[in-house]
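Remarks on the structure that follows.
Source: prediction; values computed, not measured. Each ligand, and each atom within it, is numbered from 1 in the order the structure gives.
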Amino acid sequence: MAGRMSSQGKATVAVDEYSSNPTQAFTHYNINQSRFQPPHVHMVEPLPYDAPKPAGHTRFVCVSDTHSRTDGIQMPYGDVLLHTGDFTELGLPSEVKKFNDWLGGLPYESKVVIAGNHELTFDKDFMTELVKQDYYRFPSVSKLRPEDFDDVQTLLTNCVYLQDSEVTVKGFRIYGAPWTPWFNGWAFNLPRGQSLLDKWNQIPDDIDILMTHGPPLGFRDWVPKELQRVGCVELLNTVQRRVRPKLHAYGGIHEGYGIMTDGYTTFINASTCTVSFQPTNPPIIFDLPNPGSP
Ligand SMILES: Nc1nc2c(ncn2[C@@H]2O[C@H](COP(=O)(O)O)[C@@H](O)[C@H]2O)c(=O)[nH]1
Ligand SMILES: [Mn+2]
Ligand SMILES: [Mn+2]
């Protein structure tokens with residue numbers, strides 16, 4: 001069973017029986033529960049940049065997977081920038097500084113950033129293992145001395161950096177987490193199932209906006225070259241059965257760029273880079289009514 005009520009009346013999420021095979025999970029839940037079917041679940045057209053912002057709303061500008069290729073990106077008007085990871089290629093301090101400089105030149109009131117699997121130096125446990133393996137997989141990182149990346153987060157002076165943590169911006173509670181299902185042994189990779197669920201269980205119940213690097217199952221998580229869905233089943237169950245944010249922003253699967261809704265949560269895969277790492281997908285804007293406004 002994937003969900004039940006705790007003694008406090010809150011939903012708790014258990015490991016899904018289809019956790020390890022997201023493509024099969026999608027088919028099963030679609031056939032047996034119509035879980036990904038219209039009318040509730042459908043694609044959403046992006047808001048044009050010149051759409052007037054309704055009174056009492058905050059405009060979020062979502063980007064992801066910019067991979068050190070920010071130079072040509074046309075940034076639209078908005079209030080709060082959300083970047084959901086993979087802002088570098090390898091998490092090199094030089095890349096982080098360049099990204100931070102780019103952020104510094106943007107006019108948004110607040111900028112909130114999480115890491116992705118490419119931000120190698122942000123994952124302390126990953127770096128410990130990499131050093132032990134003599135940087136075998138990522139030789140260009142070996143030129144760094146540990147003191148170069150020990151406090152790499154502190155290079156991000158022009159944003160709020162979230163890692164299993166939250167911030168309140170203009171009354172919105174925003175939570176960010178970098179973890180993705182294991183794939184080729186990158187940073188912040190964890191096995192599907194309980195390991196990832198343990199991370200999702202740290203998300204508080206009353207979050208308005210959730211930022212993760214990768215998608216949940218079924219919402220912009222299709223990898224065409226492998227004919228597979230790769231979203232996290234536990235993340236979907238956590239989002240739909242417990243946290244119920246108004247907005248779930250992510251990237252990770254570049255081919256999944258676009259917007260969907262399940263009728264309550266809007267899911268935005270804002271991957272700027274395409275599958276061939278061209279930074280051509282435009283930032284996605286999204287308006288939310290301010291908390292407490294009529
Ligand atoms: N089959 C899977 N493909 C994946 C997964 N995570 C990423 N990818 C593919 O790689 C690109 C780029 O990802 P990046 O993290 O290196 O920037 C992505 O668009 C997919 O094509 C996965 O878990 N399974
Ligand atoms: Mn990426
Ligand atoms: Mn990634």
Side-chain angles (χ1 to χ4, degrees), residues 16 18-27 62-71 73 82-92 95-96 98-99 102 113-123 126-127 130 137-138 140-141 161-163 176-193 195-197 199-200 210-236 248-260 267-284:
D16 196 284
Y18 294 96
S19 174
S20 60
N21 189 335
T23 308
Q24 192 186 8
F26 181 88
T27 307
C62 302
V63 289
S64 193
D65 299 76
T66 46
H67 287 292
S68 293
R69 292 161 167 82
T70 48
D71 290 350
I73 304 175
L82 305 177
H83 191 304
T84 45
D86 279 4
F87 47 87
T88 66
E89 288 275 17
L90 294 169
L92 301 175
E95 293 183 282
V96 180
K98 186 181 168 222
F99 175 67
W102 177 71
V113 172
I114 64 169
N117 54 301
H118 278 251
E119 276 71 64
L120 305 183
T121 56
F122 284 66
D123 184 340
F126 176 88
M127 288 308 290
L130 195 62
R137 284 199 50 224
F138 298 100
S140 50
V141 182
Y161 173 71
L162 297 180
Q163 187 173 315
W179 309 97
T180 43
W182 194 96
F183 180 69
N184 289 345
W186 285 81
F188 298 112
N189 275 186
L190 285 174
R192 292 178 185 275
S195 302
L196 277 166
L197 181 57
K199 295 297 181 191
W200 310 141
L210 177 63
M211 299 170 69
T212 59
H213 178 53
L217 173 71
F219 291 85
R220 314 302 306 183
D221 67 331
W222 177 248
V223 176
K225 64 192 170 204
E226 290 171 13
L227 299 178
Q228 275 184 16
R229 294 207 171 260
V230 300
C232 177
V233 188
E234 276 66 42
L235 181 56
L236 178 68
H248 183 184
Y250 50 88
I253 301 305
H254 300 184
E255 306 89 315
Y257 171 83
I259 314 173
M260 283 180 80
F267 296 86
I268 297 183
N269 179 333
S271 295
T272 298
C273 279
T274 63
V275 69
S276 51
F277 286 79
Q278 300 303 308
T280 49
N281 292 325
I284 293 176

With the Mn ion (ligand 2) as the point of reference, which N/O/S atom of His67 is the closest? NE2

Does Cys273 bring an N, O or S atom to within less than 2.8 Å of the Mn ion (ligand 2)? no

Expected rows: ligand 1 N/O, protein N/O, dist below 3.5 Å:
| from | atom 1 | to | atom 2 | distance (Å) |
| --- | --- | --- | --- | --- |
| ligand 1 | 1 (N) | Glu226 | OE1 | 2.5 |
| ligand 1 | 15 (O) | Asp86 | OD2 | 3.3 |
| ligand 1 | 15 (O) | Asn117 | OD1 | 3.1 |
| ligand 1 | 15 (O) | Asn117 | ND2 | 2.9 |
| ligand 1 | 16 (O) | His118 | NE2 | 2.7 |
| ligand 1 | 17 (O) | His67 | NE2 | 3.1 |
| ligand 1 | 17 (O) | Asp86 | OD2 | 3.1 |
| ligand 1 | 17 (O) | His118 | NE2 | 3.3 |
| ligand 1 | 17 (O) | His254 | NE2 | 3.0 |
| ligand 1 | 19 (O) | His254 | N | 2.9 |
| ligand 1 | 19 (O) | Glu255 | OE1 | 2.6 |
| ligand 1 | 21 (O) | Lys225 | NZ | 2.9 |
| ligand 1 | 21 (O) | Glu255 | OE1 | 3.2 |
| ligand 1 | 21 (O) | Glu255 | OE2 | 2.6 |

When you compare the side chain of [Y] with that of [X], does any pair of heavy atoms fall below 4.5 Å?
X	Y	result
Tyr18	Leu217	no
Leu90	Thr88	no
Tyr257	Asp65	no

Sphere of radius 2.8 Å around the Mn ion (ligand 3) - protein N, O or S atoms inside: Asp86 OD2, Asn117 OD1, His213 NE2

Any donor-acceptor pair under 3.5 Å linking the side chain of Thr212 with the backbone of Gly214? yes

Please tabulate, for side-chain N and O atoms in residues 176-184, each donor-acceptor pair with protein atoms closer than 3.5 Å (sequence neighbours left out).
| from | atom 1 | to | atom 2 | distance (Å) |
| --- | --- | --- | --- | --- |
| Trp179 | NE1 | Asp164 | OD1 | 2.9 |
| Trp179 | NE1 | Asp164 | OD2 | 3.1 |
| Thr180 | OG1 | Asn189 | ND2 | 3.3 |

For Gly251 and Thr84, work out which heavy atoms get closest and say how close. N-OG1, 3.7 Å

Between Glu89 and Ser68, do the side chains contain a donor N or O and an acceptor N or O under 3.5 Å apart? no

Among residues at least two apart in sequence or on other chains, which ones pass side-chain contact (heavy atoms from CB on, under 4.5 Å) with Phe219? Phe36, Val41, Pro216, Leu236, Gln240, Tyr250, Met260, Asp262, Phe267

Rounded to the nearest 0.5 Å, what separates atom CG in Asp86 from atom CG in Asn117? 4.5 Å

Phe87 ring center near Phe122 ring center (under 6.0 Å): yes

